[in-house]
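Below is one structure, written out as structure tokens, with a few remarks after it.
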Amino acid sequence: MSHAPTGILASRHQQIRQAIVGRSLDALVVTSLPNITYLTNFSGSSAAVVMTEDRILFFTDSRYHTTVTERQAGPCACPGFELVVVEGSYDATVTAHLARLGARQIGFEAAHLTVSRHEWIASTLTAQSPGSKLVATEGVVEVGRVVKDAYEVGVLREAAQRLSDVATAAFADVRTGLTEREVAGSIDRRIREAGFERPAFETIVASGPNSALPHARPTERKLTEGDLVVLDFGGVYDSYCVDLTRTVAVGRASARSREVHAAVLSAHDAAVAAVVPGQSRFAIDAAARARLEAAGMADAFGHGTGHGLGIEIHEDPRIVKRRPDVDTRGEQVALGMVFTIEPGAYFPGWGGVRIEDDVLVTKGGVETLTRVTTELLEL
Ligand code: GLY
Ligand code: MN
Ligand code: MN
């Protein structure tokens with residue numbers, strides 16, 4: 001498994017430090033594990049980070065001590081790394097170090113700290129370090145993660161190629177008489193054989209009427225002649241997620257299946273064609289929606305057109321209709337962003353179609369990272 005080289009981590013740190021200084025903070029407590037991975041290469045299940053203008057304290061427990069120490073001896077060492085091995089509770093250890101640092105304005109990640117943990121840390125800090133204060137922050141690290149650096153683009157490009165190969169091979173798994181679970185099991189095996197650490201989410205194999213459920217779970221239903229089958233799967237490769245969907249027919253596709261597939265493909269192609277640096281993510285979503293509306297299928301497309309990909313399977317930017325309560329960050333897509341384009345049309349009781357690719361915003365517009373035929377295959 002490869003990790004971001006030290007120089008890449010250093011430039012990520014520099015960006016976060018600018019944000020820390022810009023917000024007049026003395027320290028930022030990072031509790032989101034994906035954000036910790038981004039800053040340190042750590043990919044275990046328990047850690048915390050305290051970043052200041054010139055230090056990075058990394059807290060983990062004895063389970064990860066050896067792994068972390070070994071990585072620090074190699075080319076992917078986290079610069080400035082000060083390891084603190086937690087023996088009791090994480091929050092008590094972090095709080096004691098914050099008090100010792102003399103940090104007064106202490107940022108925390110409001111989206112990633114529970115109310116009870118916040119209350120405990122705040123009251124303990126008040127006792128140990130009067131005058132220090134917890135300050136809510138939003139998206140300090142995520143704002144950096146949304147634009148992929150050269151290392152991340154390389155990993156995502158490689159991962160998308162591997163996932164495309166999985167898709168092409170997986171078409172052979174679609175056969176009359178096999179159950180959705182059996183097909184999903186074969187795809188999961190292929191994902192691991194292709195070098196992925198694990199599937200990025202529970203693989204979706206949704207056949208016949210089940211294909212009308214956008215997030216169906218595979219069942220014991222047997223694939224049947226004439227079915228549409230949605231195959232939606234992803235993999236985690238060197239900590240980065242890629243995601244792909246194709247909808248295929250078992251045997252000959254009906255005229256209606258062809259019509260729905262053609263409308264979804266047209267929406268997919270329109271959205272991909274709309275991707276260019278500076279474009280509104282809401283406009284990309286609208287480009288897909290307009291094609292389905294023209295086909296009389298506007299009501300059949302309930303979810304967003306896409307989502308960012310990276311250390312998490314669903315991250316910014318969200319390619320959606322504007323939602324005033326949550327769509328508060330950056331409207332325009334920018335060079336280096338990676339996200340899915342995945343329109344669909346779903347008709348309860350009949351079935352549905354989704355086509356999903358992963359795209360990179362380039363200087364010239366867009367590069368489709370996943371490369372698999374988008375024709376309606378009859379298998
Ligand atoms: N099934 C997850 C996704 O495509 O977003
Ligand atoms: Mn997706
Ligand atoms: Mn997907």
Side-chain angles (χ1 to χ4, degrees), residues 34 145-146 148 156 159-168 170-171 173-174 180-181 183-188 190-191 194 196-207 210-219 228-237 240-248 261 264-265 267-269 271-272 275 281 284-285 288-289 292 300-321 323 326 333 337-346 351-361 366 368-374:
R145 280 173 51 196
V146 72
K148 271 56 191 178
L156 284 161
Q161 184 53 54
R162 286 174 187 249
L163 197 66
S164 304
D165 294 343
V166 169
T168 303
F171 295 141
D173 298 333
V174 176
E180 293 173 350
R181 279 198 195 147
V183 176
S186 301
I187 293 174
D188 288 350
R190 291 185 190 281
I191 288 171
F196 289 92
E197 287 147 41
R198 56 190 150 85
F201 52 87
E202 189 180 359
T203 294
I204 296 172
V205 175
S207 64
N210 292 346
S211 60
L213 310 169
H215 267 191
R217 304 186 87 168
T219 70
L228 284 174
V229 186
V230 172
L231 307 167
D232 181 356
F233 48 91
V236 184
Y237 183 78
Y240 282 79
C241 301
V242 283
D243 188 6
L244 192 154
T245 307
R246 289 294 182 268
T247 303
V248 298
H261 190 276
V264 173
L265 182 55
H268 164 280
D269 292 350
V272 173
V275 177
R281 55 196 172 93
I284 299 170
D285 178 83
R289 238 163 263 288
L292 285 162
F301 179 28
H303 57 74
T305 293
H307 54 87
L309 290 168
I311 296 170
E312 290 177 283
I313 181 70
H314 294 132
E315 54 179 57
D316 288 343
R318 312 287 166 162
I319 313 299
V320 292
K321 275 199 256 192
R323 305 161 299 175
V326 286
V333 302
M337 287 186 181
V338 174
F339 49 85
T340 69
I341 295 292
E342 53 175 306
Y346 311 93
V353 171
R354 179 165 63 259
I355 302 171
E356 175 175 32
D357 278 311
D358 303 346
V359 302
L360 165 70
V361 184
V366 65
T368 302
L369 301 178
T370 38
R371 292 177 190 174
V372 184
T373 182
T374 50

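First listed ligand is number 1; within each ligand, the first listed atom is number 1.
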Practice task
Taking the side chain as every heavy atom from C-beta outward, state whether S207 and V205 have any pair of such atoms under 4.5 Å apart.
Solution key: no
Exercise for the section: Flag the pair H303 / H215 as yes when at least one side-chain heavy-atom distance between them is below 4.5 Å, and no otherwise. Expected result: no
Exercise for the section: Step by step, work out the side chain to side chain contact (heavy atoms under 4.5 Å, CB included) result for V272 and H268. Expected result: CA-CA 6 Å; V272 173; H268 164 280; 4.1 Å; yes
Handout entry: R246 side chain reached by D357 side chain, heavy atoms, under 4.5 Å
Key = yes
Exercise for the section: Would you tell me whether D358 and T370 have side-chain atoms, one donor and one acceptor, within less than 3.5 Å of each other? Expected result: no
Handout entry: Within 6.0 angstrom of R198 CZ, more than 12 heavy atoms from elsewhere
Key = no
Exercise for the section: Would you sort out whether I204 and F233 count as a side chain to side chain contact (heavy atoms under 4.5 Å, CB included), showing the intermediate values? Expected result: CA-CA 6 Å; I204 296 172; F233 48 91; over 6 Å; no
Practice task
May I ask you to check if R289 and F301 form a cation-pi contact, with NZ or CZ under 6.0 angstrom from the six-membered ring centre and within 45° of the axis?
Solution key: yes
Fill in the blank from the handout: At a cut-off of 2.8 Å, protein N/O/S around the Mn ion (ligand 2) gives D243 OD2, H307 NE2, E342 OE2, E356 OE2
Practice task
Can you tell me which residues line ligand 1 if we count any heavy atom under 4.0 angstrom from one of its atoms, in chain and number order?
Solution key: F201, I204, H215, D232, D243, H307, H314, E342, E356
Problem - Heavy-atom check, side chain of P34 versus side chain of E315, under 4.5 Å - result: no
